[in-house]
2 protein chains.
Amino acid sequence: MSTSGGVVRRSLLDDLATSMLALIADRRLSSGDQFESVRSLADRFKVAVPTIREALRRLEATGAVELRHGSGVYVGQHIGRLILANPLAPTPSGDRLVELLQARALIEPPVAALAARLRSEDALERMDGHLAAAEELIASGDHAGLAEVNMAFHRSLAQASGNATLAEVVESVTVVNVREQLEILHIHGDRQTDLQEHRAILEAVRAGDAELAERLTREHLDGVLAVIERAAHP
Amino acid sequence: MSTSGGVVRRSLLDDLATSMLALIADRRLSSGDQFESVRSLADRFKVAVPTIREALRRLEATGAVELRHGSGVYVGQHIGRLILANPLAPTPSGDRLVELLQARALIEPPVAALAARLRSEDALERMDGHLAAAEELIASGDHAGLAEVNMAFHRSLAQASGNATLAEVVESVTVVNVREQLEILHIHGDRQTDLQEHRAILEAVRAGDAELAERLTREHLDGVLAVIERAAHP
DNA sequence: ATGACCAAGTGATCTGATCATTTTCATTTC
DNA sequence: GAAATGAAAATGATCAGATCACTTGGTCAT
C-alpha cells in the first residue's frame, strides 16, 4: 500500500520521469532550452546518478529531452507529442515501404483539404520557402537535401491543417526512412515533376480550393506509390 | 576513428541498442519471449551493468523490451513498430481531445473501406468477439472494460485493412487517453447506440460494401466527436 | 495433493570514483 | 585591439562492486 486510492503500481522510474516532465512544464521550458545537470537532478530527487540517468534515457527515447556530452541536458524536439515515429525502427522492407506510402496516400489528401480551408498565412510562407529551397537543391544536385526538403513540404502542409495530431501523424509516417525513399526516388528520377506537383498543391491551398488540393495531393502520392511499387515488385 | 567506412557518429549506447535488437532478431524472438539477463548482457557486450541498463531503458521506452523485476528481460509488445503512441504523453487537454477525434474521423473511415474490400475472415471473427464482449460488459455495468473493448474494436477494424502501418496509426491515436474518452462518453452515456453502430459497421465490412463501411464509420466518429465537442466547449 | 517456506536467479538501486567532451575565460600573440 | 591559444571548470559517460527487493521454482510438512 502507498498513498490513498488509485493506482499504486508505479515504479520509482515512472515517478522520476513524470516528475522531471512536470519540472520542465513548471519552468515553462520548451524545445532547445537547457534543463538541469544530471548530478543536480540526482540531488533534487534524492536518488543516485545511474538511476536518474535511466529515467533520462527513457525521456530521451521519446524525444522529450536530449543529453549532450560535456554540455548538459536539454529539452528535446518532441516534448509533449502524442504520436511518434519509432526512433529505433528497423529499415523497412519493400513491402513495408509500399504500406507506408499507401497510408500516406490515404491520410494526406484529406489533410490537404483541411489546410486549404484554413489558408494559414504562416504555413503558406513556410511551404513557399520549401519549394524555393527545393528548386535550388535540384539545381545544385544535392539529392539528399532535396529528399529532406520534399518531406518538409509535406509536413508543413499537414501543419497547415491546424490539427496538431494530424501533423504529428504525417510527421511520423514521413520521417521514417527518408533515406530509403530517396534511393527509390532516384530510380524514378523525375524531380522536376515532383516540384511542379508540389507547386500545384500549394496553389490550390492558397486559393482555398479544398477539393482540388485533396485531388492533387492524392494524385501526387499515388504517382510516387506507383513508382515505389514498380521498384518493390519488379 | 572506429571501423571501416561508414557513419562513425554513433555513440556506445546506440551501438548497444541496435546490437541488442539484432540479437533479438537473430534469435527469432517475438513479443513475450524471454530475452537475456542484464548481467549476462553486460558480460556479452563487455560493458558495466548501469550502461547496459541505460540502453535497455531506451529500448523499453519504445516497447521493444520489457524489464520485469525479479523475473528477467522480455521482448516487448511493440517491437518492430514504425509508429507509436508516446508512452509519456501528458493527459490531453479538451482541445487536444477534439483534435484527436477529428484525426480519427478523418483517418478511420477510409481504413474501414479498405477492410471491407479485404474481408479478412480472422479480423471479422475478432470483431465479432469484441462486440459480444461489449454486450456483456454493458450488461454487467463495467464501463472501464467497455471503453477498452470499444477501442479494441476500432483497432481490429484497422488491422482488417491489411495495412500494418495504418493499423499502427489507428492503434496510436486510439490508445491515448482511453480514460479520458471514457469519462466523456459517460456524459454521452448512449452505450447501446455505440454498440449498434459498431454492429452496422461490421456488417458492412462483412458484406464487402466499402462505401457503406466508410460512411457508417464516419457517421459514428462524427457522432462521438459532436458529443466531445459539446463537453469541451459548454 | 495442498500449502507454507526457503533459496537461487534476477532486476533495482546505491556509492563513489575516473574518463571524455564541451564551454568558459584568462593569457598570449600578432 | 583582435584573434589564437590553452588551462580550468562544468558536465555527461562509464566503470566497478556491493546490497536490496521481487519472482520463481522446488522442498517439505501437513
Side-chain angles (χ1 to χ4, degrees), chain A residues 1-3 7-20 23-24 27 29 31-77 79 87, chain B residues 1-2 7-20 23-24 27 29 31-77 79 87-88:
Chain A
M1 287 121 254
S2 62
T3 60
V7 183
V8 293
R9 255 298 163 211
R10 316 196 63 218
S11 74
L12 173 56
L13 229 53
D14 291 335
D15 289 341
L16 286 176
T18 58
S19 295
M20 286 194 286
L23 205 52
I24 290 173
R27 295 183 184 168
L29 299 180
S31 288
D33 292 347
Q34 187 158 9
F35 182 33
E36 199 174 310
S37 81
V38 170
R39 288 170 177 84
S40 160
L41 286 167
D43 285 348
R44 172 187 300 278
F45 293 111
K46 302 281 192 299
V47 297
V49 166
T51 307
I52 206 76
R53 284 181 65 82
E54 284 188 33
L56 283 169
R57 288 298 180 196
R58 173 180 291 189
L59 295 185
E60 188 194 43
T62 63
V65 304
E66 193 181 327
L67 282 74
R68 299 189 202 150
H69 192 173
S71 178
V73 180
Y74 296 79
V75 178
Q77 296 298 309
I79 184 117
Chain B
M1 283 130 255
S2 61
V7 183
V8 292
R9 255 295 160 217
R10 318 193 64 219
S11 75
L12 172 57
L13 229 55
D14 292 335
D15 289 340
L16 286 176
T18 59
S19 295
M20 286 194 286
L23 204 52
I24 290 173
R27 295 184 184 166
L29 299 180
S31 288
D33 294 346
Q34 186 157 10
F35 182 33
E36 198 175 310
S37 81
V38 171
R39 289 171 178 84
S40 161
L41 287 167
D43 285 348
R44 172 188 299 277
F45 292 111
K46 303 280 194 299
V47 297
V49 166
T51 307
I52 205 74
R53 284 181 66 83
E54 285 188 32
L56 283 169
R57 287 299 180 196
R58 173 181 291 190
L59 296 184
E60 187 194 45
T62 62
V65 304
E66 194 180 328
L67 281 74
R68 298 189 202 151
H69 193 173
S71 178
V73 180
Y74 297 79
V75 178
Q77 297 297 308
I79 182 118
L88 287 71

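We use all heavy atoms of the structure for the numbers below, so side chains are in, but hydrogens, waters and symmetry mates are not. As the structure is a computational prediction, the values presented were derived from the model and not from experiment. A, B, ... follow the sequence lines: proteins, then strands. Residue 1 opens every chain.
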Using atom [atom1] of [X] as one end and atom [atom2] of [N] as the other, report the distance to the nearest whole Å.
X	N	atom1	atom2	answer
B/Tyr74	D/dT23	OH	P	11 Å
A/Leu13	C/dC14	CG	C1'	14 Å
B/Asp43	C/dG11	CG	P	12 Å
A/Glu54	C/dC14	CD	P	10 Å
B/Ile52	C/dA12	CD1	C1'	16 Å
A/Leu56	C/dT13	CG	C1'	16 Å

| said: Set out, in order, the CA-CA distance, both residues' side-chain angles and the distance that settles side-chain contact (heavy atoms from CB on, under 4.5 Å) for B/Leu16 and B/Arg58, then state yes or no. | reply: CA-CA 10 Å; B/Leu16 286 176; B/Arg58 173 181 291 190; over 6 Å; no
| Does A/Ser11 offer a backbone N or O that forms a donor-acceptor pair with the side chain of A/Asp14 under 3.5 Å? |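 The answer is yes, because a donor-acceptor pair under 3.5 Å joins these two groups.
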| At what distance, to the nearest 0.5 angstrom, does OG1 of B/Thr51 lie from CG of B/Leu41? |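 Taking OG1 in B/Thr51 and CG in B/Leu41, the distance rounds to 12.5 Å.
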| About how many Å separate CD1 of A/Ile79 and CG of A/Leu29, when rounded to the nearest 0.5 Å? |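 So the CG of A/Leu29 and the CD1 of A/Ile79 are separated by 8.5 Å.
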Protein and nucleotides 9-12 of chain D: nitrogen or oxygen contacts under 3.5 angstrom:
unit_1 : atom_1 : unit_2  : atom_2 : d
D/dG12 : OP1    : A/Val38 : N      : 3.4
D/dG12 : OP1    : A/Val73 : N      : 3.2
D/dG12 : OP2    : A/Val38 : N      : 2.8
D/dG12 : O4'    : A/Gly70 : N      : 3.3
D/dG12 : N7     : A/Arg39 : NH1    : 2.8
D/dG12 : O6     : A/Arg39 : NH2    : 3.1
D/dG12 : N2     : A/His69 : NE2    : 3.3
D/dG12 : N3     : A/His69 : NE2    : 3.3

| request: For B/Glu54 and B/Arg57, run salt bridge (charged side-chain N to carboxylate O under 4.0 Å, His left out): C-alpha distance rounded to whole Å, both residues' side-chain angles, the deciding distance at 0.1 Å, then the answer. | output: CA-CA 5 Å; B/Glu54 285 188 32; B/Arg57 287 299 180 196; over 6 Å; no
| request: State whether B/Ser11 places a side-chain N or O below 4.0 Å from either non-bridging phosphate oxygen (OP1 or OP2) of D/dA13. | output: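 Checking B/Ser11 against D/dA13: no side-chain N or O falls below 4.0 Å of OP1 or OP2.
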| request: Compare every heavy atom of B/Thr18 with every heavy atom of B/Asp15, then report the nearest pair and how far apart it is. | output: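 It is O-OG1, 3.1 Å.
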